Amino acid sequence: MLPQTSTDNPRTAWFTEARFGMFIHWGLYSLHGRGEWARLTERIPEDEYRPLMAQFAPPSTFHPREWVALAKEAGMRYMVLTTRHHDGFSLFDSQVSDFTAPRSAAGRDFVAEYVEACREAGLRVGLYYSLDDWRFPAQHAGPKKDPKGWAELVEYVHAQVRELCTNYGTIDLLWYDGASNPGGSREDSWQAVKLNRMVRDLQPQIMINDRSGTPEDFYTAEQHLTSPQDIDRLWEACATMNKHWGYYPADPCWKSQKECIDYLNSCVSLGGTLLLNIGPRADGSVPEACVGRLRALGQWLQHNGEAIYGAGRSILTSGTLGVVTRKGARHFVHVHWWHGSRLTLPYVSVPIRAAHILGTGQPVRVEQCGTRAFLCDLPEQSPDPSTTVIELELAGEPQVMPPWDGA
Ligand code: GLC
C-alpha cells in the first residue's frame, strides 16, 4: 500500500489533514500593482521606493480577519502571510529595521493582527519570511566579496526570525524563501542549521519548509505539481490563480474555477498539500477574481471534502477520467473529463463492492470485465458542473496496473 498520510507524526499530521491553505503576498509593492519583484526588476532606487511607506495606509475598516474569513469560506485550513518579502519591508514591528508597517502610515503590526485572526478562526498560522533582502549591498555582492556586509545581513535575518518566533505566540509553520546563494553553499551562507535550531527551540511544534538551505520538514513545489522522489517526504505545492503572486491588475491570465479545483484534487492525488495564493490590493481588499474562485472551491469542498482532507495517493489509475485520491479504504475518482453515461476505469484488480457519487449520494452501477471496470447508467452531463467525484468501495487491496502487453 502506498504511504498516504503521515498521521503517525503528531507534529506534522495536521498538515496532511489540512491539504489546502491560503498564501498571501502583500506589502509595499501592492501599491505599485506590478507584482512583488518590481523594486528589483524595474531597478527602483531606494529613495523612490522607501517613501511608499507614507502611502501604505490601509483603511482602519480593513482587518486581516477578512482574509481569514475568505480562507474559511474556501475550505482552507491554514494560512501563510508574507511577513517580509525580498524588498525588505516588514509587516511586523522589528528592533532591527525601521522599514516596517508599524513605522509606515499604517502604524500597525499586521502580523500581530493576522496571527490573532487565524487563531480566532481556528486556522493554522504560517509565516513567510524571505531571507533575501535587496536593500543590503551584500545581498548582491555575496559573502565572498563582502564578508562584513554579509555577516550583518545574516545577523539581521536571524534577529528578525527570532522576533517572529518570539513575539506572536505559537506559530505552526515557517515558510522561508529567498536564501539565494551568491557564493558558497546556501546552508553555510545563511547559517541555516543554527537558524533552524533556534527556531525549533523557540517553537518546538513548528513545521519548516525547505528554502533556507536545509531540507527540514517539507519540500516545496512552485507553480507545478511534481512530488518529491522520496515518496514519504511531505510536500506542498504553492500556486497562483493568475500568473503573479503580488497584486498585478494588468494580468488577466486567471485559471478558471474548474482549473483551480482540479489543481487541488490533482495535488492531493500526488500526496501533496496546496497553498493557493492571493495578492490583495494595498488597501487589503482582495480582487474579485480571487474571491469568486475561492468561493467556488469552498462550495465544491462542502460536497467533496471527504476526498481531499486527510486524503492522499491511490494506486488506482483513472484512465482518461482525471485523478484518484484515497483515504483509508475509500477511493475517490475525480472525473475531470465527464464524457458521457459510461465511464471506464482501466485497471481495478479487486471487485468493486459499491460506488456512489460523493456529492449527492446517488448509487452508481458498476460492471467489471476482467480487470476493467465500468461506471454505468450515469447522467450524460457531469452532475457537478466542475468536477464530480465518485467514491468506490473495494473488496480488497488494489494492485498496481501491470505493464500492458497489447493483448
Ligand atoms: C519565488 C518568488 C517570490 C515568491 C515565491 C513564492 O521565490 O521569488 O516572489 O514569493 O516564489 O513561492
Side-chain angles (χ1 to χ4, degrees), residues 15 20-44 49 67 71 76 78-92 110-111 114 126-136 139-140 153 157 160-161 164 173-182 186 189-190 192 207-228 234-251 253 255 260 263-264 267 272-282 286-287 290:
F15 184 72
F20 192 28
M22 174 181 275
F23 208 176
I24 305 170
H25 276 70
W26 190 63
L28 272 197
Y29 47 80
S30 314
L31 282 163
H32 281 145
R34 300 191 296 276
E36 75 287 359
W37 271 73
R39 165 95 211 264
L40 183 113
T41 337
E42 295 181 6
R43 299 289 190 269
I44 303 172
Y49 198 76
W67 300 335
M76 290 158 156
Y78 71 109
M79 322 242 324
V80 178
L81 170 68
T82 50
T83 65
R84 178 173 76 58
H85 208 274
H86 312 329
D87 66 351
F89 182 69
S90 303
L91 292 178
F92 56 100
F110 290 107
V111 173
Y114 155 84
L127 304 181
Y128 165 110
Y129 181 80
S130 162
L131 301 182
D132 287 0
D133 187 328
W134 295 323
R135 296 173 306 146
F136 285 72
Q139 174 75 62
H140 309 280
L153 169 62
V157 158
Q160 283 211 316
V161 172
L164 288 171
L173 190 146
L174 181 58
W175 214 102
Y176 290 119
D177 194 19
S180 45
N181 178 23
R186 285 170 77 211
S189 306
W190 296 95
M207 290 187 68
I208 306 179
N209 79 352
D210 60 350
R211 294 197 181 183
S212 62
T214 50
E216 304 303 328
D217 294 311
F218 65 98
Y219 160 80
T220 52
E222 187 172 318
Q223 303 281 39
H224 63 87
L225 295 179
T226 318
S227 55
L234 291 174
W235 72 282
E236 178 200 64
C238 54
T240 52
M241 287 190 250
N242 61 358
K243 302 274 186 193
H244 291 87
W245 300 97
Y247 180 53
Y248 204 144
D251 173 357
C253 299
K255 292 184 175 77
C260 294
Y263 209 80
L264 172 63
C267 181
T273 293
L274 178 65
L275 185 64
L276 189 62
N277 182 71
I278 61 168
R281 301 183 186 92
V286 180
C290 296

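Just so you know, ligand 1 is whichever comes first in the structure, and atom 1 is the first atom listed for that ligand. Computed from a predicted structure; not experimentally measured.
Inspection of the Glu42 and Trp37 side chains reveals no N or O donor paired with an N or O acceptor under 3.5 Å.
Counting heavy atoms under 4.0 Å from ligand 1, residue Tyr29 does not touch it at all.
Using a 4.0 Å cut-off to heavy atoms of His85, the atoms of ligand 1 that qualify are 3 (C), 4 (C), 9 (O), 10 (O). For ligand 1, the atoms lying closer than 4.0 Å to a non-hydrogen atom of Cys238 are 12 (O). Remark: ligand 1 atoms within the under-4.0 Å shell around heavy atoms of Glu36 are 3 (C), 4 (C), 9 (O). For ligand 1, the atoms sitting less than 4.0 Å from at least one non-hydrogen atom of His86 are 3 (C), 8 (O), numbered in the order shown with element in parentheses.
The single protein non-hydrogen atom nearest to atom 8 (O) of ligand 1 is Trp37 NE1, 2.9 Å, given as residue, atom name and distance. Scanning the protein heavy atoms around atom 1 (C) of ligand 1, the nearest turns out to be Glu222 OE2, 3.2 Å. With hydrogens left out, the protein atom closest to atom 10 (O) of ligand 1 is His25 NE2, 2.5 Å, a heavy atom. From the protein, the heavy atom lying nearest to atom 5 (C) of ligand 1 is Asp177 OD2, 3.3 Å.
The closest donor-acceptor contact from the side chain of Tyr248 to the backbone of Trp245 lies at 3.5 Å or more, if one exists at all. A donor-acceptor contact shorter than 3.5 Å is absent between the side chain of Ser90 and the backbone of Phe92. With hydrogens and angles ignored, the 3.5 Å screen pairs no side-chain donor or acceptor of Asp251 with any backbone N or O of Asn242.
Between Tyr219 and Arg211, every side-chain heavy-atom pair lies at or beyond the 4.5 Å cut-off.
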Subject >> Asp132 vs Gln139, side chain to side chain donor-acceptor pair (under 3.5 Å): CA-CA, chis, key distance, verdict >> reply: CA-CA 7 Å; Asp132 287 0; Gln139 174 75 62; 3.2 Å; yes

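Note on ligand 1: Gln223 sits outside its first shell, no heavy atom being nearer than 4.0 Å.
Where the criterion is an N or O separation shorter than 3.5 Å, residue side chain and backbone included, Trp175 fails it with respect to ligand 1.
Aromatic ring pairs are classed by plane angle as parallel below 30°, tilted from 30° to 60° and perpendicular above 60°; the pair Trp134 and His86 is perpendicular.
Checked for salt-bridge contact, Arg84 and Asp133 meet the test: a charged N lies under 4.0 Å from a carboxylate O.
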